[in-house]
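Working notes, beginning with the structure itself.
Quick caveat: nothing in here was measured; it's all calculated off a predicted structure. Below, read A as the first sequence line, B as the second, and so on, with proteins coming before strands; counting in each chain starts at 1.
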Protein chains: 2
Amino acid sequence: MARTKEFNEDQALDKAIEIFWHKGYNGTSAQDLVNHLGLSRSSLYDTFGDKQKLFVKSLKRYQKQNLDSLNELFENAENIKTALTEIFKQAVIESLQDRITKGCFMVNSAVELAMHDPEIAKIVHDNQKVVEDIFCAAVKKGQDLGQISDRQEARSLARFIFNNYSGIRVLARAGEKDKQVYDDILKSIFALF
Amino acid sequence: MARTKEFNEDQALDKAIEIFWHKGYNGTSAQDLVNHLGLSRSSLYDTFGDKQKLFVKSLKRYQKQNLDSLNELFENAENIKTALTEIFKQAVIESLQDRITKGCFMVNSAVELAMHDPEIAKIVHDNQKVVEDIFCAAVKKGQDLGQISDRQEARSLARFIFNNYSGIRVLARAGEKDKQVYDDILKSIFALF
DNA sequence: AAAAATACGGAACAATCGTTCCTGAATTAG
DNA sequence: CTAATTCAGGAACGATTGTTCCGTATTTTT
């Protein structure tokens, strides 16, 4: 008996990801959301509750999207070391080409909010754990296949990779546009494998 | 013929650093500043102009303090590799012991503001350049003294070090309290030297 | 002592914040 | 058609935002 929803909730969430990613939580106003999502104030609050709930939902969706593509990458990878370089090279490409560089939504949120919002802190921490596990499994596989040096323990390498990924995303967020800087970092990172 | 200032401007700036570091720019209200600095609203605005100017002054002071201690560390260092490990170990100690972990004020500011405030972007970028140069000079010296492997170029290693330092500070800001995580990262980093 | 200058606390500002509510139009199912 | 539900738009909410201003107290210099 009801009118059907005219907007796609997931599409709206994708829009929310965009603007929260770009401006941060505190930097995004309710008016920004109305403008960017194309929803009315009322629809927005009826659908998502409030700003914090919308943010959490956006961040979780972003996380899922990234984890999915990360898993897919490693599943289809013949060479693990190549796959790892692809991840970093992709991050570099995004950092250089984005006219407005947004870095990583998860990293940005961790820095801005993890200390002050326990719910965000949990998401960030879970994400770290899961990504680390994915890296760790991949490294192990790579070591078994003789594609990655086993002079370092897989867990240790995984954490190291995660750390450098965060660093590069911060660099991007800070607006670094010199490809050589990224390439130098990558060169050092992969000297370890 | 004038009354003298009753508060120390530098001490007030140190207080401002504390609260901006903890809560971020957008997360810190004028009332927060009044409460934490112990100044009246009027004195605060008379002395520092406005919130943005106060933030810029705070960040610059923080930068100077850090650069000074960084330079001092390397000047007095007999062994460069040891000095580098000290820097990271110190960051880890701070990350673990701080009941409320604040990460690095410069990294936090880069993530929150560099995209949206050109003045902050310039500070962040300058800082990156200067720190990178300090690291680079130190690495070169270390390589000359045979304390650091010269399989990697100094500039590349310097950027790599900077990147990992950023990463660790993000990890701290995200609330990571597991020492093993940091130690694993450090182990990988210094396997390269 | 008089005059000049500054710090102070607090009132007050307009603007914006996130949020709620109301109205009327649109669309669906029975 | 009727009833039910959701839409959009905008008015309005109280709270908080960053900022300004004023009156008074305090201190310094002449």
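- No hydrogens or angles were tested; on distance alone, nothing pairs the side chain of B:Ser42 with the base of C:dA7 as donor and acceptor under 3.5 Å.
- Axis angle, first five pairs versus last five pairs of the helix from C:dA1-D:dT30 to C:dT23-D:dA8: 10°, rounded to 10°.
- Out of D:dA8, C:dT19, D:dT19, the shortest distance to the side chain of A:Ala30 is found at C:dT19.
- As judged by a 4.0 angstrom heavy-atom cut-off over every strand, A:Ser29 is placed among residues touching the sugar-phosphate backbone only.
- A donor-acceptor pair shorter than 3.5 Å cannot be found between the side chains of B:Arg41 and B:Tyr45.
- Using a 3.5 Å distance cut-off with no hydrogens or angles, the side chains of A:Asn108 and A:Glu112 do not pair a donor with an acceptor.
- For B:Leu39 and C:dA7, the CG to P distance is 10 Å, given to the nearest whole Å.
- Put simply, CZ on A:Phe48 is 10 Å from P on D:dC7, counting in whole angstrom units.
- Donor-acceptor pairing under 3.5 Å is recorded for the side chains of B:Asp184 and B:Gln180.
- By the 6.0 Å and 45° rule, B:Lys51 stacks over the aromatic ring of B:Tyr25.
- For B:Tyr45, the listed nucleotide lying nearest its side chain is D:dG18; candidates were C:dT20, D:dA8, D:dG18.
- For B:Leu44 and C:dG10, the CG to C1' distance is 15 Å, given to the nearest whole Å.
- Contact annotation: B:Ser43 side-chain N/O to C:dC8 OP1/OP2 distance is under 4.0 Å.
- In this structure, B:Lys23 places its NZ atom 13 Å from P of D:dT16, rounding to the nearest Å.
- Nearest heavy-atom pair across B:Cys104 and B:Trp21 is C-NE1, 3.6 Å.
- Rounding to the nearest 0.5 Å places CG of B:Asn79 at 8.0 Å from NZ of B:Lys81.
- Taking the side chain of B:Arg41 as heavy atoms from C-beta on, and the options D:dA8, C:dC8, D:dT20, the nearest nucleotide is D:dT20.
- No contact: A:Asp46 has no heavy atom under 4.0 Å from any strand.
- With values rounded to the nearest 0.5 angstrom, B:Asp150 atom CG is found 13.0 Å from B:Lys140 atom NZ.
- If you take CG of A:Asn26 and C1' of D:dT16, they are 13 Å apart, rounded to a whole angstrom.
- Separating the CG atom of B:Asp50 from the C1' atom of D:dT17 is a distance of 14 Å, rounded to the nearest angstrom.
- Spacing between atom CD of B:Glu9 and atom P of C:dT6 amounts to 14 Å, rounded to whole angstrom units.
- Taking atom CG of A:Leu33 as the reference point, atom C1' of C:dT16 lies 15 Å away to the nearest angstrom.
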